[in-house]
Amino acid sequence: MTPADDITPPVAPSLSATLDPADWGPVRDLGRQMVDDMVHYLETVRERPVWQTVPADIRAGLDEPLPREGQPLEAVYDQFRAQVLPYATGNIHPRFWGWVMGTGSATAMLAEMLAAGMNSHLAGYDQSATLVEMQVLTWLKALMGFPEGASGVLVSGGTAANLDGLMAARVAKAGYDVREEGAFGGPPLTVYASTETHSWIFKACEAMGLGRRAVRSIPVDADFRIDVAACRAAIAADRAAGLRPFAIVGNAGTVNTGAVDDLVALRALADETDLWLHVDGAFGALAALSDEPELVAGQELADSLAFDLHKWGYLPYEVGVILTRSADAQTAAYKAPATAVPAYLQSSTGGISTGTTYFADRGMALSRGFKALKVWMAMKEQGVARIGKAIQANINQARYLGRQVEADPLLELIAPVSLNVVCFRYRPEGMEAEAVNQLNRQILIALQEEGVAVPSQTILGGRFAIRCCMTNHRSRAEDFDILVAAVRRIGARLTGAAEGLQ
Ligand SMILES: *Cc1c(COP(=O)(O)O)cnc(C)c1O
């Protein structure tokens, strides 16, 4: 016996453990079934309630121990169909108008599968996917009236896009090397935006280390638009106090009422005060594709423009866009200084790392997915003209609903209809203010719980509003008639009026 025969041989180490299926046939068959099921799901969306709560047994079913061992894909898919698919937010339904949620589209759904199959990494690299994202950005710049030399990048959404706008603004206007010194290299930085600005601005200033107090909230006029004179005065007062203003933020569509600031006046103010003009056009910017681009006049003058395609671009989550007029300003905010590019990320003169388009230099993300594919496929298949028609229809629907409300003595508009947003309430004669607010809260809950329609809420001047924001390409005129009738029916029921006692 040799010494080697004395010891028990070790278990042979496994040198392969792929996650691919042993047999591709069933995956292909089930995949076809999934496509069939999802197309049917989209086709029949109108027949289902807009929303329903997740029942207790389903909640329990979605609380399972860690799956140490796997199970057949069919079984997992069955659970998806039974427990996941039916209890969605409902934003693909024709009567969902809450918050600012997009509808998505069948084309983009398929594109998501193709992109996931390719699983491309979009930091840059010599690959077709980079060219597709460049192509999409070129189209988006043209649609938004930005010059060819402008820069852009696709990001996760409006919050990220707006943050990127302020990051570029800060580097451009801080007056010191803010990337090296951080927030402490000079006087406190301040940014100016109306009181109606979305809460992203606080998150962004917190993330940049400026603190919430960097946000100077400027009052609005009766149409919820920024008071430009008050903005000018606030900038002057802060400068006199030794602070360092760096940007003005204009709104192309506020989340509460769809108000559009006077962006031309803000451009002039930014020039006069040597500040950066950033425009938050999260949904409103897309009005540029409608027959009435003048609704968002001036957004093309911004130094940076943020907008979402997962809202009024009708694409599935997530995809937002940040454009900067100056290409250098975007990389100035994020590209590592030449001496600080890590060896593992340096580009080369050949091979896959060749090329100058490096999206990771334009934003925070390094590993980035192929979001551009769904944008590219949807724009090509639908055509910008057809997308623009859907956007125009939403604008028309807001006006239609506004007229229905105005014509009804029991209903009241509580903000001017702007872009695609309508804020209204049910108001029986002689009811006192707090009771009206309570009543409308109850009406909104009933609308949602009955599955009739999903508007959301806001409060304007102390008045509770049922708020509809139309970013839905499936809505038709009859859907707004159903909404108005339901509000009247529920309002009457809750107040014990005759109409509800039928
Ligand atoms: C939705 C929205 C945002 C935030 O965008 P997300 O995509 O949700 O991150 C910012 N501003 C306005 C006006 C919005 O409607």
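Residue numbers start at 1 and run along the sequence shown. Indexing begins at 1, ligand by ligand and atom by atom, following the structure's order.
- The ligand atoms of ligand 1 that sit less than 4.0 angstrom from a heavy atom of Trp200 are 10 (C), 11 (N).
- Under a 4.0 Å N-O distance rule, the pair Arg95/Asp479 qualifies as a salt bridge.
- A salt bridge links Arg399 to Glu292: one of the charged nitrogens lies within less than 4.0 Å of a carboxylate oxygen.
- Ionic pairing of Lys173 and Asp303 is not present here: no N-O contact between side-chain nitrogen and carboxylate oxygen is shorter than 4.0 angstrom.
- If you number the atoms of ligand 1 from 1 as listed, the ones under 4.0 Å from a heavy atom of Asp308 come out as 5 (O), 6 (P), 7 (O).
- Of all atoms in ligand 1, listed by their number and element, those nearer than 4.0 Å to a heavy atom of Gly253 are 13 (C).
- Shown in contact with Ala282 at under 4.0 Å from a heavy atom are these atoms of ligand 1, numbered in order with element: 2 (C), 3 (C), 10 (C), 11 (N), 12 (C), 13 (C), 14 (C), 15 (O).
- Of all atoms in ligand 1, numbered sequentially from 1 with element shown, those under 4.0 Å from a heavy atom of Lys311 are 1 (C), 2 (C), 3 (C), 4 (C), 5 (O), 8 (O), 14 (C), 15 (O).
- Between the side chains of Tyr314 and Asn394, a donor-acceptor pair is found at a separation under 3.5 Å.
- Using a cut-off of 4.0 Å between Lys/Arg side-chain N and Asp/Glu carboxylate O, Lys141 and Glu148 are scored as not salt-bridged.
- Near Phe283, the atoms of ligand 1 lying under 4.0 angstrom from a non-hydrogen atom of the residue are 15 (O).
- If you look at Glu318 next to ligand 1, there are no close heavy atoms at all, none under 4.0 Å.
- A salt bridge between Asp271 and Arg267 is present, with a side-chain N of the basic residue lying under 4.0 Å from a carboxylate O of the acidic one.
- In this structure, the protein non-hydrogen atom closest to atom 5 (O) of ligand 1 is Gly158 CA, 3.2 Å.
- Heavy-atom proximity to atom 13 (C) of ligand 1, evaluated over Thr254, Asp280, Thr159, Val100, is greatest for Asp280.
- Numbered from 1 in the order shown, with element, the atoms of ligand 1 that lie under 4.0 Å from a heavy atom of His310 read 7 (O).
- Close approach of ligand 1 to His198 is summarised as follows: ligand atoms under 4.0 Å from at least one heavy atom of the residue are 2 (C), 3 (C), 4 (C), 10 (C), 11 (N), 12 (C), 14 (C).
- A salt bridge is absent between Lys371 and Glu133; no separation between the charged side-chain nitrogens and carboxylate oxygens falls under 4.0 Å.
- By the 30° and 60° cut-offs, the orientation of the rings of His121 relative to Tyr125 is perpendicular.
- Of the heavy atoms in Trp99, none comes closer than 4.0 Å to ligand 1.
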